[in-house]
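In the text below, chain A, chain B and the rest are named by the order of the sequence lines, each starting its count at 1. No hydrogens, no waters, no symmetry mates; every other heavy atom, side chains included, goes into these values.
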There are 4 protein chains.
Amino acid sequence: MLKSIDINCDMGESFGNWSMGDDEGMMPYITTANVACGFHASDPVTMINTVKLAKQHNVVVGAHPGLPDLLGFGRRAMNITPEDAYAYIVYQVGALQASLTTEGMKLHHIKPHGAFYSVLKANMELAEAVAEGMTKLGGTPVLYWPAPTSAAMPTACKKRGIPVVGEIYPDLQYAADGSLVIQRHKHETDVEFAASQVERYVKTGKVQAMDGTLVELDAVALCIHGDGPNCTQVGAAIQQRLKSIGCEIKPFMP
Amino acid sequence: MLKSIDINCDMGESFGNWSMGDDEGMMPYITTANVACGFHASDPVTMINTVKLAKQHNVVVGAHPGLPDLLGFGRRAMNITPEDAYAYIVYQVGALQASLTTEGMKLHHIKPHGAFYSVLKANMELAEAVAEGMTKLGGTPVLYWPAPTSAAMPTACKKRGIPVVGEIYPDLQYAADGSLVIQRHKHETDVEFAASQVERYVKTGKVQAMDGTLVELDAVALCIHGDGPNCTQVGAAIQQRLKSIGCEIKPFMP
Amino acid sequence: MLKSIDINCDMGESFGNWSMGDDEGMMPYITTANVACGFHASDPVTMINTVKLAKQHNVVVGAHPGLPDLLGFGRRAMNITPEDAYAYIVYQVGALQASLTTEGMKLHHIKPHGAFYSVLKANMELAEAVAEGMTKLGGTPVLYWPAPTSAAMPTACKKRGIPVVGEIYPDLQYAADGSLVIQRHKHETDVEFAASQVERYVKTGKVQAMDGTLVELDAVALCIHGDGPNCTQVGAAIQQRLKSIGCEIKPFMP
Amino acid sequence: MLKSIDINCDMGESFGNWSMGDDEGMMPYITTANVACGFHASDPVTMINTVKLAKQHNVVVGAHPGLPDLLGFGRRAMNITPEDAYAYIVYQVGALQASLTTEGMKLHHIKPHGAFYSVLKANMELAEAVAEGMTKLGGTPVLYWPAPTSAAMPTACKKRGIPVVGEIYPDLQYAADGSLVIQRHKHETDVEFAASQVERYVKTGKVQAMDGTLVELDAVALCIHGDGPNCTQVGAAIQQRLKSIGCEIKPFMP
């Protein structure tokens with residue numbers, strides 16, 4: 001059984017006058033925030049406000065960089081070059097690092113968003129470029145990545161000694177091969193299933209797929225979403241379940 | 001007479017497929033580059049390439065942050081709040097700092113661009129917000145500012161102990177009150193006038209205005225432009241003149 | 001007493017993945033939609049979907065053009081030129097006209113948004129440029145404008161024979177001089193006050209200001225907002241009140 | 001032998017303060033301009049100025065719509081939906097139509113740019129969406145497309161009765177299978193080869209590929225580029241050659 005687990009959530013996804021996600025409501029239930037950096041969501045003011053909110057809740061902060069596509073929320077694959085990928089990581093992470101510096105905090109991790117995640121999953125050349133950027137940026141950020149951590153991006157990180165934190169997604173469904181089933185429309189999460197999935201994983205290292213198959217994964221973190229209709233209930237239920245089974249909730253520390 | 005002087009130039013003002021300025025041609029004639037940060041010009045790839053070019057030429061690098069207005073090249077005043085101004089400085093400077101970190105370099109200074117400069121010249125509340133951001137960012141960047149350094153922004157910096165570097169503009173004209181006469185259309189610079197203006201300033205601390213008036217200024221740097229038709233000739237002539245009068249060319253060091 | 005009145009509402013203010021306003025909820029209560037055109041809000045897909053929704057509800061559609069500032073929701077004054085103002089109107093109105101054409105509809109009116117409205121209120125040179133663009137675009141769109149219609153923009157329209165439709169804002173408050181008191185934070189509207197304000201205006205041609213003063217205005221339309229917490233209740237109450245006093249609800253037709 | 005031929009060129013590809021292409025220099029050598037619409041290049045002011053310039057030179061104007069990617073100049077494939085493709089065509093074409101209306105001109109054709117062209121070449125679902133948009137926009141614009149016109153997009157147009165104008169590219173090289181060899185870096189064009197390629201095509205309906213193969217194509221137009229170092233020389237040489245062989249230069253008229 002896992003003695004402790006990290007709970008992260010994507011945050012700071014508002015843009016200018018448009019709001020998204022219940023960042024304030026979710027903060028009490030997480031250890032770790034993945035903050036958007038202005039390419040697919042967020043903006044300079046939102047980033048600083050999100051960092052301040054995390055600080056108040058003692059939540060550590062990582063960068064959630066995306067492709068430069070506000071209109072598509074960074075969810076549309078774009079044919080970028082390794083030079084682009086490297087520069088997009090450096091730029092976005094740097095912008096967030098500065099927000100953290102102004103609040104006396106340090107960057108904890110990097111977790112690619114949406115279609116940036118998708119291209120880095122499959123394309124080793126792009127993954128190498130991003131891992132190279134992470135190394136050159138210094139400050140030892142770790143990579144957060146949905147388990148299993150055998151894709152191109154985590155592989156490129158491991159080669160360079162960058163720690164990789166695998167995650168499970170208790171508010172999503174798994175296919176029998178361990179891949180995540182992404183649903184486009186936000187709907188209510190089955191709170192009891194999510195809490196049970198977490199308990200199952202913490203005790204056995206396995207998640208249950210939609211067809212009942214048990215899938216072994218290499219995760220030490222949970223990722224939950226802050227934009228579903230009952231997201232704070234999901235957060236509260238998972239927090240309570242972890243407490244009841246004696247699994248400590250704390251951020252991954254390398 | 002000034003024993004040494006700093007020569008800076010705005011650089012990295014290309015955007016994606018569009019080029020602007022002869023950065024490569026100007027590097028041999030300057031000590032200090034003001035690199036655009038993606039809000040009014042530049043982009044992540046251009047920033048990294050500009051930082052690498054500066055490194056090759058042993059040129060120190062500062063941030064040239066602007067208003068978020070690519071279409072207007074950051075030259076249109078916008079009614080931003082102090083919260084915006086603070087966040088725009090933190091975001092842009094952070095993005096450039098990361099580019100510098102990947103090349104083993106440090107941020108040298110901050111010089112606001114275009115209409116961001118204009119609003120910070122007059123509006124003390126915005127200037128205080130930016131100076132606060134500079135202080136919180138750490139790393140002791142200095143402020144570059146067209147002399148005289150009595151405007152809102154340099155005043156807010158001096159209050160906080162941030163060094164202010166005044167500049168003269170030998171390839172522009174001065175009005176009798178010491179203000180710069182900005183011409184919208186790029187035209188050939190009078191090379192001999194520019195070199196003489198520099199010599200005059202270095203020897204006497206005064207520039208000659210359009211009507212012949214001599215105006216005393218508090219500058220220790222020159223700013224020259226890299227997008228005029230004969231910009232490299234201007235750079236070469238100033239370099240030669242300074243050598244001939246025994247004034248060393250080196251970056252300002254606090 | 002007014003025999004009929006037009007009720008308009010700003011719509012199509014979502015952007016990509018971010019939603020704003022209850023367009024679907026408000027359609028039954030309005031005659032006329034002001035659709036954002038992609039500069040301060042909206043995007044090509046949102047515009048077409050908004051036009052289709054209006055068509056279903058037999059609501060006529062006008063353009064709600066803004067300044068090119070998504071981040072600031074078009075609410076920050078920018079120092080644009082008359083050439084810019086002319087081109088921004090032509091571009092945005094043309095993009096909306098095409099959306100209307102694909103649905104067999106015609107452009108009904110133009111109503112500038114936010115800070116574009118503000119600069120056109122005061123600056124006659126910009127107002128002339130926009131009125132010139134409206135004339136050249138053809139198709140006889142009319143101008144919607146908050147009463148009194150004595151500002152620069154409606155004046156420039158009247159000079160060219162473009163009809164001007166004055167509006168009152170029953171869900172906002174008026175100062176004693178007839179100017180609107182804009183509140184930055186959305187809050188619940190006093191439904192009874194809004195309905196009474198409409199009844200008062202329809203019967204007397206006057207609105208009641210915050211201090212009780214009655215102010216005469218030259219309006220033949222109401223503008224109500226679709227992003228307040230009880231906006232559909234306001235819409236329903238106004239609709240009911242107008243019916244009860246025998247004032248027909250129909251779009252302004254020149 | 002062809003009795004007449006159309007010569008088109010991509011134009012209006014400047015953006016704000018950044019210039020691209022020698023539009024003014026190329027106008028005397030072309031019949032037909034493909035004007036960018038603000039998604040990958042151009043902006044409202046540039047579009048109107050380009051339309052005015054075309055009018056002065058008696059050049060007909062079509063839309064050159066692209067993907068929403070200014071940073072990548074619309075050259076990076078993006079994973080858009082048919083709904084996106086439809087809306088992007090309607091929006092961009094509408095914006096240009098309005099610019100034309102203000103100058104008393106009509107839209108002549110539509111020619112997709114860069115990666116928008118690439119996705120429409122291969123993806124029939126996207127091509128159908130765009131052809132549907134063209135039909136609903138009315139005004140009978142024709143499609144311009146690099147010959148052979150057997151790809152998804154021209155096929156979807158032909159199905160709907162939209163005329164398709166095939167083009168050859170005399171300033172590019174062809175592979176033996178008739179596909180174009182795109183070179184990333186702009187270099188001097190072999191003027192004599194370009195003029196001979198045009199003559200060969202006009203007389204025989206064939207172009208010569210890099211390996212000497214003669215390839216038959218279904219074109220009635222030439223496309224030449226306005227951003228190469230000797231582009232106006234290429235334009236002049238082709239114009240002269242066509243005159244010398246008695247082939248009239250005039251825009252395609254459906």
Side-chain angles (χ1 to χ4, degrees), chain A residues 12 15-17 35-39 42-52 63 65-68 70 78 80-107 110 116 129-141, chain B residues 12 15-17 35-39 42-52 63 65-68 70 78 80-107 110 116 129-141:
Chain A
F15 174 67
N17 211 38
V35 177
C37 303
F39 273 37
S42 207
D43 61 74
V45 170
T46 297
M47 284 165 71
I48 286 174
N49 289 342
T50 309
V51 164
K52 284 179 176 170
L67 293 177
L70 275 173
M78 287 175 78
I80 61 170
T81 63
E83 189 185 18
D84 293 335
Y86 174 87
Y88 294 171
I89 280 291
V90 170
Y91 187 96
Q92 292 181 79
V93 169
L96 182 64
Q97 277 178 320
S99 303
L100 289 164
T101 299
T102 60
E103 294 299 320
M105 295 169 75
K106 288 208 172 299
L107 183 79
I110 293 173
F116 202 11
V130 168
E132 188 63 20
M134 290 174 69
T135 301
K136 287 208 175 154
L137 277 164
T140 61
Chain B
F15 174 66
N17 211 39
V35 176
C37 302
F39 274 37
S42 208
D43 61 75
V45 170
T46 297
M47 284 165 72
I48 287 175
N49 289 341
T50 308
V51 165
K52 284 180 176 169
L67 293 177
L70 275 174
M78 288 175 76
I80 61 169
T81 64
E83 189 186 19
D84 293 334
Y86 175 87
Y88 294 171
I89 281 290
V90 170
Y91 187 96
Q92 293 182 78
V93 170
L96 182 65
Q97 278 178 318
S99 302
L100 289 165
T101 299
T102 60
E103 295 298 320
M105 296 168 76
K106 288 209 172 301
L107 184 77
I110 294 173
F116 201 11
V130 167
E132 188 63 20
M134 288 174 70
T135 301
K136 288 208 175 153
L137 277 165
T140 59

Quiz item: Checking heavy atoms, do the side chain of V45(A), its backbone, both or neither come under 4.5 Å from chain B?
Solution: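 Contact with chain B is through both the backbone and side chain of V45(A).
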
Exercise. Please state whether the side chain, the backbone, both or neither of L137(A) comes within less than 4.5 Å of a heavy atom of chain B.
Key: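 Its backbone and side chain both get close to chain B.
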
Exercise. Name the region of V93(B), side chain, backbone, both or neither, that has any atom closer than 4.5 Å to a heavy atom of chain A.
Key: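 Neither part; nothing is under 4.5 Å.
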
Quiz item: How long is the gap from OH on Y86(A) to CD1 on I48(B), to the nearest 0.5 Å?
Solution: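 One finds 5.0 Å between OH of Y86(A) and CD1 of I48(B).
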
Exercise. Taking the side chain as every heavy atom from C-beta outward, state whether E83(B) and N49(A) have any atom pair closer than 4.5 Å.
Key: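 E83(B) vs N49(A): side chains touch.
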
Quiz item: Would a distance-only check, ignoring hydrogens and angles, find a side-chain to backbone donor-acceptor pair under 3.5 Å from Y91(B) to C37(A)?
Solution: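 Answer holds: yes.
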
Practice problem: List the atom of A98(A), the atom of G94(B), and the distance in Å for their closest heavy-atom pair. | Solution: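 What the structure gives for the nearest pair is CB-CA, 3.4 Å.
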
